Amino acid sequence: MKKAIVSIAFGLTASLLAAGSASAQATLASVKQKGYLTCGSNTGLAGFGLPDAQGNWTGLDVDFCRAMSAAIFDDPTKIRFIPLSAKDRFTALQSGEVDVLARNSTVTMSRDTQLGLDFPAINYFDGQGFMVRKKLGVSSAKELNGASICTQQGTTTELNLADYFRANNMKYEVVAFATSDETFKAYDAGRCDAFTTDASGLYSERLRASNPDDHIVLPEIISKEPLAVAVRHGDNQWGDIVRWTHNAMLDAEELGVTKANVDQMKGSDNPEIKRLLGTEGKFGEAVGLPNDWAYRIIKHVGNYGESFERNVGEGSKLKIKRGLNAQWTKGGLQYGLPVR
Amino acid sequence: MKVKGPKTTSLQRMGSVQSSVSQALPPKKSFLYDPKVRGIFYQTLLVCVVGYLFYIAATNAVDNLRRAKIASGFGFLENTAGFDISQTLISFSAAGSTYGDAFIVGLLNTLIVSAIGIVFATFLGFAVGIARLSSNWMVAKVAMVYVETLRNIPLLLQLLFWYIAVLGPLPQPRDSFSLGAGFFLNARGLFMPRPLYAADAWAIGVAFAIGVVVTILFRRWAKKQQAATGRQYPVGWATLGLVLGLPVATWIVLALMNANPVSFDMPVKGTFNLRGGMQILPEFVALLVGLTTYTAAFIAEVVRAGILAVSKGQTEAAGSLGLKSGQTLRLVVIPQAMRVIIPPLTSQYLNLTKNSSLAVAIGYPDLVQVFMGTVLNQTGQAVEVVMITMGVYLTISLVTSFVMNIYNRRVAIVER
């Protein structure tokens, strides 16, 4: 008995010490060793991250993980998707359960500085809006005084909602749920007068309503929601891979490199394209990737514009306009940093 | 706890060694072989090892948090919360309240649903447990079906059933059911008039207090009289009259004097919802009903076991003394059954309190939903938040069992 206790005690100490020495560095090495990438994704948001009937994940955020997988493994399918609710997502990333979090998460100063996270790439510029039933006869968020509003816990949405009603001196009743699914179901069942989340989320969730045409999205956008891909703070190489994956997809769109013409483009004389696709220079090596890393991304996933159109744009059910997410050359905010 | 286990066993061992020492009286041996010294040595060693383990775990956690640039410490409790909560028993606002206040709001919400749930579950559980032993076939079978159905379906499903299937389809606020007297029912909950107390309303409170005190005194006196003379007094009616009648009479007198001590704020229809009055949230009702009915099924079985443990001879003896069946149950069977019932009943109370954390599934703002949900996410301080939450549940459970143990000691058989 005593021996057992002593051995348990030593075992515990050993495991605690072992946990202490596990380094925050070298996510890339561990991903390569495992042979797959674990990607924290949405529990189900059409256009951003949702498994289809066959269980294949699709969406703008999902494409980001696929692009990373393509850059690392030359195969966009070496990914395990871990669906995370808003309130679990950061803990999962902090604790190392996922390698990267591509799950429409807003960057804020406190999240960037206090949670031990970095947000290297903003892959969708969004803002918070409201959805109501048409028959309420409401046409502006300013008319929502006294309304019950359903929202998801642990989101910036929950905080912006409090700010907005306070700033406009209006009263409201908040009903907060743990997952987006529970939140929208409660709204759809009539528990709340209004449903609030990022505008992209409103269009996406409306598709799931028992009768989508009964609901309208109010015109006000009450916040800035830069939705970004997050990684753990401290592993700069891994952060660089995320940052440049996004920039490669943006640059490719700007330079007219698409999934269809990427092989042809490999023979291009344009030095920018040559550097991007790895026929000139050794830009991949510096971040621990092969030099054709960007070629792999475009070949398997496509450029940012293609991914946008396919998942949330005109080619999808959501039909969201590019707006803020257009290239900087077309009046948007997406600005691909130069590969050189 | 870890320290306490080995301590008691070695104390017992020391006791047995000492008794053998007093019998045999061996010659004096080396200090090293003194069982008392050895006992103290091993216990100190164990305390040191356990203490060291906790120290290592704590410093390791702090080191790792610091290395990962995650904020640590309990300072976050002072920061402004910035979010709103649907049910708050203390005043709470996104602008002026802190995460610490949010913690208290969540804690109070947990305590209120648990406390009311425990009271209701006890009454319902006793009723069903006794009904299951009824000689009426119909009553016994209904109680059996109740117990077997509710006991065997996961609580989470039952909560979702009450919330989505029962309370969900209630009408929208514009088509609220009017229950009369200012009571309304709709998908946003139950609305009722809120009493507003005027300056002289204290008289009613005083009348109520006097009623309670006089009742207690009267009950004692009546019991003494019955023990001495065998004469019985109408205790039940006297209680009702004093506790309820006295305040009502005071109210009527005050109202006749045109003082109007209590007025009501009635709920009225607003743009979206009913405005004014008091509102009971559907999330609260669903959780309360779910916890009550589920736990009552277990309490019913505990009660049934307790009653069956009282020997049949007791009932027969009571019958031969001329007690009616209700009196037999109340005066003879239940007091003896309580000795068997109390310990497992305590476990059920603890279960109910802990199960209230399933509130998170239906959006009721209990401690887990508010503190381990929103606060944890906004601050990112998982280690601290989870530790506080665990500490709170542990404390609630220990206090509950402490109180129940005191009661248990009172009803236990007194050896004479």
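Every value quoted in this text rests on a predicted model; they were computed, and no experiment measured them. Below, chains carry the letters A, B, ... as their sequence lines are ordered, and counting in each starts from 1.
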Of the backbone (N, CA, C, O) and the side chain (C-beta and beyond), which part of [X] lies under 4.5 Å from a heavy atom of chain B, both, or neither?
| X | answer |
| --- | --- |
| Asp88(A) | backbone |
| Ala86(A) | backbone |
| Phe165(A) | neither |

If every non-hydrogen atom of [X] is compared with every non-hydrogen atom of [Y], which pair is closest and at what distance?
| X | Y | answer |
| --- | --- | --- |
| Glu283(B) | Val175(A) | OE2-CG1, 3.7 Å |
| Ala382(B) | Thr91(A) | CB-CG2, 4.1 Å |
| Thr379(B) | Leu115(A) | O-CD2, 3.4 Å |
| Ala162(A) | Gly82(B) | CB-O, 3.4 Å |
| Val360(B) | Glu182(A) | O-OE1, 4.2 Å |

Specify which of Ile362(B), Asp63(B), Ile164(B), Leu65(B) makes the most heavy-atom pairs with chain A at under 4.5 Å.
Ile362(B)
Is [X] close to chain A through its backbone or its side chain, or both, or neither, when contacts mean heavy atoms under 4.5 Å?
| X | answer |
| --- | --- |
| Ala81(B) | backbone |
| Val370(B) | backbone |
| Gln381(B) | neither |
| Tyr163(B) | side chain |

With rounding to the nearest 0.5 Å, note down the distance linking [atom1] in [X] to [atom2] in [Y].
| X | Y | atom1 | atom2 | value |
| --- | --- | --- | --- | --- |
| Asp84(B) | Thr151(A) | CG | OG1 | 11.0 Å |
| Ile70(B) | Thr113(A) | CD1 | OG1 | 12.0 Å |
| Arg111(A) | Asn377(B) | CZ | CG | 6.0 Å |

Heavy-atom count check: over 12 atoms from other residues, nucleotides or ligands less than 6.0 Å from [X] [atom1]?
| X | atom1 | value |
| --- | --- | --- |
| Phe177(B) | CZ | no |
| Lys135(A) | NZ | no |
| Asn211(A) | CG | yes |

So, do [X] and [Y] sit near enough that their side-chain heavy atoms are less than 4.5 Å apart?
| X | Y | result |
| --- | --- | --- |
| Gln153(A) | Leu376(B) | no |
| Leu170(B) | Arg191(A) | no |
| Val174(A) | Phe83(B) | no |

Under the 3.5 angstrom rule, does the side chain of Gln172(B) hit a backbone N or O of Gly190(A) as a donor-acceptor pair?
yes
For Asp193(A), is there an ion pair with Arg188(B) - N to carboxylate O distance below 4.0 angstrom?
yes
If only side-chain N and O atoms count, and only distance matters, is there a donor-acceptor pair under 3.5 Å linking Glu173(A) with Ser86(B)?
no
If you tally heavy-atom pairs under 4.5 Å against chain B, which of Leu161(A), Thr155(A), Leu144(A) wins?
Leu144(A)
With chain B, which of Ala189(A), Ala178(A), Cys192(A) has the greatest number of heavy-atom pairs at distances under 4.5 Å?
Cys192(A)
